[in-house]
Enquirer: 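Handing you this structure, nothing more for now.
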Protein chains: 2
Amino acid sequence: MATSDPVYLRVVEDIRRQIHDGTLPPGALIPSRAQLTRKYQVGETAARHALRVLASEGLIIGRIGSGHYVRERSELTPLHRWRFLDRPTPFAADLQSQGWRVTWDWHSEPAEAGPDLARRLRVDESTTVTRTHYVFRGDGRPLQLATAYEPLEFAPHSEEERRSLVARMYAHGVKITEVVESIHTRAPRPSESEALDLPVGVHVLHVERTHWAGDRPVETSDIILPGDRFRMVYSMPV
Amino acid sequence: MATSDPVYLRVVEDIRRQIHDGTLPPGALIPSRAQLTRKYQVGETAARHALRVLASEGLIIGRIGSGHYVRERSELTPLHRWRFLDRPTPFAADLQSQGWRVTWDWHSEPAEAGPDLARRLRVDESTTVTRTHYVFRGDGRPLQLATAYEPLEFAPHSEEERRSLVARMYAHGVKITEVVESIHTRAPRPSESEALDLPVGVHVLHVERTHWAGDRPVETSDIILPGDRFRMVYSMPV
DNA sequence: ATCGCAAAGTTGGGGCTCCAGCAGTCATCG
DNA sequence: CGATGACTGCTGGAGCCCCAACTTTGCGAT
């Protein structure tokens, strides 16, 4: 706050202000390193660092060979959780109901539970579960990663069975009574960054979802969403 | 993925791996810039950049004069939304029920709604609303920021009234029937970063919460939580 | 044994430079 | 007239350096 703040902060704050008040609208070209050094009378290091900070905040994006641009608002598509939708994740179903063309690839494999899953599914660490990886795309672009874990006996045997977890469980005599979702945010792992084609500086929303039948967890999954594209919407009756 | 990846990435990935597999446990000292240049045979710039990337991911934290350390797991305190708690936000109430000593400061002021709030409260842009800023602290440290907006007629007149929004609304003949929360993640604004004492690289969870009485919004608030300390937990009956 | 202080080590800000790779632009050549 | 290629400007990686502010450590004196 003092007058002797780092000089790169002066640049960061001035550009950030211009973005927020609309002087630099989405898509606008930010002055280049060389221009910033002249404009703010700072060294190249400071100009460069300022651009990196703004990029890591997700406000601007650097296009190599071209320049830094103000990020498009990307509009934070809402994902509504007020109805119970599956097929095969409720998020994909909600996007479809909003008119998105959602497609997905998946593959299943057996896996050992391990400590984390053992806790979440309340099974033994050495138990074998079915792990299914999904990659969801909307209009070609990757939208969401999901990894679902189920005890072997509940694994789907057909494409149709995969559509609705609730129906499948019901067929096994298990009635799902509750869904618990735990959301946090973190920097993407390198593999997620690549799979979701994330610009640097974008964090992910990590949703840990568990389906319960009474006091027994019957399926759990990790869902990874780009933090700059989605908001999770929860509706609760009082 | 090729062998000619940036060299700083080699350093980042190696340290990240060591943190994930436990070779470098929480609190462990990361080699210094000088040591990294020797160990990985890279220049100082690359070593420095690697440390900055790890810090911006929230994996390590730099202590000036001392060194970089693996961040303590900070345990992502869960905030449960399965019961309707207020007084004055449900998150604070949930933390109290987990044994935290939560205190808060607040101040109210009239404010013009403006376009964003006009949309959220379904009022005219020039309507005056009561804006209340809260700063919540747990064990001394800042935990959460909240800003609540209410039409003037619903504003609380006593400390007691402030405790329960539901009861207060009921006293006005308004029965709250639904709570809608919309969660996204973003980089903190400078003021939030300062107020919450956030390390660089930590994003925030921004919860937009609106209370509805039938099809009419009667209160809305913005809640800002450090992304590295909390996870939101939603429980929904099927 | 303890206190104080100086030296060494470390981070973070800042400066300068070189280079590879990419994207436009513009002029020249077929 | 159209296509090719040279040139310029930009980003991102990388190297090296200096300095201020701070911590840790270890030594020497009391």
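Every chain is numbered from 1 and lettered A, B, ... according to where its sequence line falls, protein lines coming before strand lines.
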Enquirer: Can you list every pair that meets ring-ring contact (aromatic ring centres under 6.0 Å, His included) and has a residue in residues 42-69 of chain A, with sequence neighbours left out?
Expert: Y8(A)-H49(A)
Enquirer: Anything under 30° is parallel, anything over 60° is perpendicular, the rest tilted; go ahead and classify W104(A) against F136(A).
Expert: tilted
Enquirer: Which whole-number value in Å describes the distance from L29(A) CG to dC10(D) C1'?
Expert: 10 Å
Enquirer: Is D222(A) paired with R209(A) through a side-chain N to carboxylate O contact shorter than 4.0 Å?
Expert: no
Enquirer: Looking at every heavy atom in both D197(B) and P142(B), which two are closest together, and how far apart are they?
Expert: CB-CG, 4.1 Å
Enquirer: Would you say that more than 12 heavy atoms from the other residues, nucleotides or ligands in this model lie under 6.0 Å from the CZ of R17(B), or not?
Expert: yes
Enquirer: Check this one for me: any side-chain N or O of H68(A) less than 4.0 Å away from OP1 or OP2 of dT11(D)?
Expert: yes
Enquirer: Hey, can you pull the donor-acceptor pairs under 3.5 Å for the side chains in residues 40-47 of chain A, sequence neighbours left out?
Expert:
unit_1	atom_1	unit_2	atom_2	d
Y40(A)	OH	D14(A)	OD2	2.6
Q41(A)	NE2	R38(A)	O	3.0
E44(A)	OE1	R33(A)	NE	3.3

Enquirer: Tabulate protein N/O versus nucleotide N/O from nucleotides 20-25 of chain D, keeping only pairs under 3.5 Å, one per line.
Expert:
unit_1	atom_1	unit_2	atom_2	d
dT23(D)	O4'	G65(B)	O	2.9

Enquirer: Just by distance, with hydrogens left out, do R137(A) and T103(A) show a side-chain donor and acceptor under 3.5 Å apart?
Expert: no
Enquirer: Should L205(B) and M232(B) count as side-chain neighbours, where that means a heavy-atom distance under 4.5 Å?
Expert: yes
Enquirer: Side-chain donor-acceptor pair under 3.5 Å between H107(B) and H133(B), yes or no?
Expert: no
Enquirer: Let's go through E192(B) and H206(B) carefully: what are the C-alpha distance in whole Å and the side-chain angles of both, what is the deciding distance for side-chain contact (heavy atoms from CB on, under 4.5 Å) to 0.1 Å, and is it a yes or a no?
Expert: CA-CA 11 Å; E192(B) 296 164 349; H206(B) 180 158; 5.7 Å; no
Enquirer: Provide the start and end nucleotides, 5' to 3', of the part of DNA chain C that has atoms under 4.0 Å from heavy atoms of chain A.
Expert: dG13(C) to dA23(C)
Enquirer: Using five base pairs at each end, measure the axis-to-axis angle across the helix from dA1(C)-dT30(D) to dG30(C)-dC1(D) and round it to 10 degrees.
Expert: 20°
Enquirer: Is there a side-chain contact between V12(A) and L54(A) (heavy atoms, below 4.5 Å)?
Expert: yes
Enquirer: Mind listing the N/O atom pairs, protein and nucleotides 13-17 of chain D, below 3.5 Å?
Expert:
unit_1	atom_1	unit_2	atom_2	d
dG13(D)	N7	R48(A)	NH1	3.1
dG13(D)	O6	R48(A)	NH2	2.9
dA14(D)	OP1	V7(B)	N	2.2
dA14(D)	OP2	V7(B)	N	3.4
dA14(D)	OP2	Y8(B)	N	3.3
dG15(D)	OP1	G43(B)	N	3.1
dG15(D)	OP2	G43(B)	N	2.8
dG15(D)	N7	T45(B)	OG1	2.3
dC16(D)	N4	T45(B)	OG1	3.4

Enquirer: Under a 3.5 Å cutoff, is there a donor and acceptor pairing between the side chains of E181(B) and Y234(B)?
Expert: yes
Enquirer: Any idea which heavy atoms bring Q35(B) and P31(B) closest together, and the distance?
Expert: OE1-CA, 3.2 Å
